[in-house]
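Take a look at the structure below.
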Amino acid sequence: MDANRLDFTPAVGEHAFTPQQRQLLALGNRLGREKFAPRAAKWDEEASFPFANYDDLREAGLLKICVPAAHGGLGADYPTYMMVAAEVGRFCGATALTWNMHVSSTMWTGVLADGIPMTDTQRAEHAARSRLHFRRVVEEGAIYAQPFSEGSAAAAGRAPFGTTARKVEGGWLVNGRKIFASLSGAANYYGVLCTEDKGDQHPDAKDTLYLAVPATSPGFAISGDWNPLGMRGTVSRNLTFQDVFVSDDEQLMPRGVYWKGAQTWPAMFFTLAPTYMGLANAAYDFTVQYLRGEVPGEPPVKRRMYPTKQIAVAQMRIQLEQLRSLFLRAITEARPNPSKDERMRLYAAQYTVMEGANDIARLAIRTCGGQSMMKHLPLERIYRDSRCGALMLPWTAELVLDRMGRETLYEAGEKDD
């Protein structure tokens, strides 16, 4: 076998991978097959966090995958992370989705921040503070969460966040509430997006702050039940902040920089998609195994000889190749200040992956038949997990359609008379 080729087809399909990408894809695939897949049913059944998987991620160095090499990390760039995340999602959706929240915190302070306009003062401030956060991940194995949602239009970028931070001596006082906060109770730090309270009763989304709230902070609390349809292992409960003091050093970005980043780097909001790219592969992989009679622990009954099954698998493969092609194009051309066409492809990739993953899972269940609905097999969990993708802020399927239509028909600043 060619030493430069992988011995499996990655979730993103075949590509001219770099040596680092091949190495990390092989690592993600091995961990997924040997560790994550056998445990996935447990996290789903219990709606419990995959702590054992995080021990494996930490030991393998994958918690620091996007920490710059100069700070002791693996220094993976945006497309590399996206490829590896899809591979992890192939074996455990909840692990891939929560890992994304953690990795995004290091990407936003690392490779993405490098492409955001800052003053020299802001750049120096950011460099000093990012060292603190990188050191925690590299030396302490710290886990960062990234709670967005509040039940308002803020997470979609259409309103200021209701969670606020007021400047006080040495730091900030944070007040507010987040919902659907993945890694609740598992994270060491919660990367909270909030609006600076300037005392003028006119909150502005441009004044969004990005603060790391330590899990041990007085006034910070986790509440609420967690018993959802899918992605049960994410443990996404409610967070409340009541006069939580956060020091200045806990700023993950300088004042005003997050808003610039959101405008500059739209691909930063595409990082939920790899999980669902992986789930689409998982549904296809299971179907092929099942029809060939090769599912471990199941009777070796072949069902591949029926034309209806063959046609269904062909339809699934066609759709999977479409997902792979668009996803791969979007991640390899991601950059600051993309062109309009690049931005539209990014939206199209988000919609296609999030809806397409569940459609492939739907076809898988119909093709495999009633046995595939049984809890001891992974397909019904894959179906439930894949249905959740279209609902995830800030780019839900509905919001993406709205953005694509509006931005296609209106240039910046245009209005109807």
Side-chain angles (χ1 to χ4, degrees), residues 11-12 82 85-86 89-90 93-94 96-98 100-101 104 146-159 179-182 193 228-232 234 236 262 265-284 315-316 318-331 333-334 338 340-366 379-410:
V12 297
M82 298 288 275
R90 192 176 199 166
L97 196 60
T98 52
N100 167 70
M101 314 301 179
S104 290
Q146 197 178 48
F148 262 74
S149 298
E150 297 182 346
S152 70
R158 292 182 168 181
I179 63 174
F180 291 116
S182 298
L193 292 169
L229 169 75
M231 288 298 177
R232 294 167 58 79
T234 62
S236 305
W265 257 110
M268 70 197 299
F269 299 117
F270 188 55
T271 61
L272 296 169
T275 294
Y276 298 91
M277 188 70 246
L279 288 169
N281 278 267
Y284 173 80
Q315 290 174 323
M316 292 172 66
I318 289 168
Q319 192 166 1
L320 181 62
E321 293 296 346
Q322 291 169 343
L323 265 64
R324 285 172 168 174
S325 296
L326 193 49
F327 178 86
L328 200 53
R329 174 79 182 268
I331 65 172
E333 69 182 11
K340 182 174 181 176
D341 281 337
E342 289 168 338
R343 194 169 66 251
M344 289 298 166
R345 271 194 297 277
L346 196 59
Y347 296 153
Q350 172 82 3
Y351 183 89
T352 300
V353 171
M354 294 309 204
E355 291 285 42
N358 188 247
D359 198 42
I360 290 175
R362 175 189 64 81
L363 280 169
I365 287 178
R366 191 187 74 182
L379 190 52
E380 64 87 30
R381 181 181 71 252
I382 293 168
Y383 178 84
R384 288 185 287 105
D385 283 352
S386 67
R387 183 62 279 170
C388 298
L391 312 177
M392 300 198 68
L393 291 166
W395 283 2
T396 67
E398 288 181 334
L399 288 172
V400 166
L401 288 176
D402 181 60
R403 279 177 175 267
M404 289 191 75
R406 185 175 66 253
E407 293 181 26
T408 297
L409 298 174
Y410 292 81

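- With rounding to the nearest 0.5 Å, the separation of CG in Leu379 from CZ in Arg381 is 9.5 Å.
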Intermediate values then yes/no, side chain to side chain contact (heavy atoms under 4.5 Å, CB included), Arg324 and Leu320: CA-CA 6 Å; Arg324 285 172 168 174; Leu320 181 62; 3.8 Å; yes
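- The distance from the CG atom of Leu279 to the CZ atom of Arg90 is 11.5 Å, given to the nearest 0.5 Å.
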Side chain to side chain contact (heavy atoms under 4.5 Å, CB included) between Leu323 and Asn281, worked out: CA-CA 10 Å; Leu323 265 64; Asn281 278 267; over 6 Å; no
Side chain to side chain contact (heavy atoms under 4.5 Å, CB included) between Leu97 and Asp385, worked out: CA-CA 10 Å; Leu97 196 60; Asp385 283 352; over 6 Å; no
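- In plain terms, the two heavy atoms of Ala330 and Leu346 that are nearest each other are CB-CD1, 4.1 Å.
- To the nearest 0.5 Å, atom CE of residue Met392 and atom OG1 of residue Thr275 are 8.0 Å apart.
- Partners of Ser182 under the side chain to side chain contact (heavy atoms under 4.5 Å, CB included) rule, at least two apart in sequence or in another chain, are Thr98, Met101, Thr234, Ser236.
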Evaluation steps, salt bridge (charged side-chain N to carboxylate O under 4.0 Å, His left out), between Arg403 and Glu398: CA-CA 9 Å; Arg403 279 177 175 267; Glu398 288 181 334; over 6 Å; no
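- The CG atom of Leu272 lies 15.0 Å from the CE atom of Met277; values are rounded to the nearest 0.5 Å.
- Closest approach of Ala11 to Gly278, counting heavy atoms only: CB-CA, 4.4 Å.
- Nearest heavy-atom pair, Pro338 versus Glu342, reported as atom, atom and distance to 0.1 Å: CA-OE1, 3.3 Å.
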Working for side chain to side chain contact (heavy atoms under 4.5 Å, CB included), residues Phe269 and Gln350: CA-CA 9 Å; Phe269 299 117; Gln350 172 82 3; over 6 Å; no
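- Thr396 and Leu391 get closest at one heavy-atom pair: CG2-O, 3.4 Å.
- With Trp395 as the partner, the ring pair (Phe, Tyr, Trp, His ring centres under 6.0 Å) test is satisfied by one option alone out of Tyr276, Phe270, Phe148, Tyr347: Tyr347.
- Between the CD atom of Glu333 and the CG atom of Leu328 there is a distance of 10.5 Å, given to the nearest 0.5 Å.
- Residues Ile382 and Ala282 come closest through the heavy atom pair CD1-CB, 3.7 Å.
- Each of Gln322, Met316, Gln315, Glu321 was checked for a side-chain contact (heavy atoms from CB on, under 4.5 Å) with Gln319, and the lone residue meeting it is Gln322.
- Atom NZ of Lys340 and atom OG1 of Thr408 lie 5.5 Å apart (nearest 0.5 Å).
- Residue Gln146 comes nearest to Ser104 through the heavy atom pair OE1-CB, 3.4 Å, listed as atom of the first residue, atom of the second, then distance.
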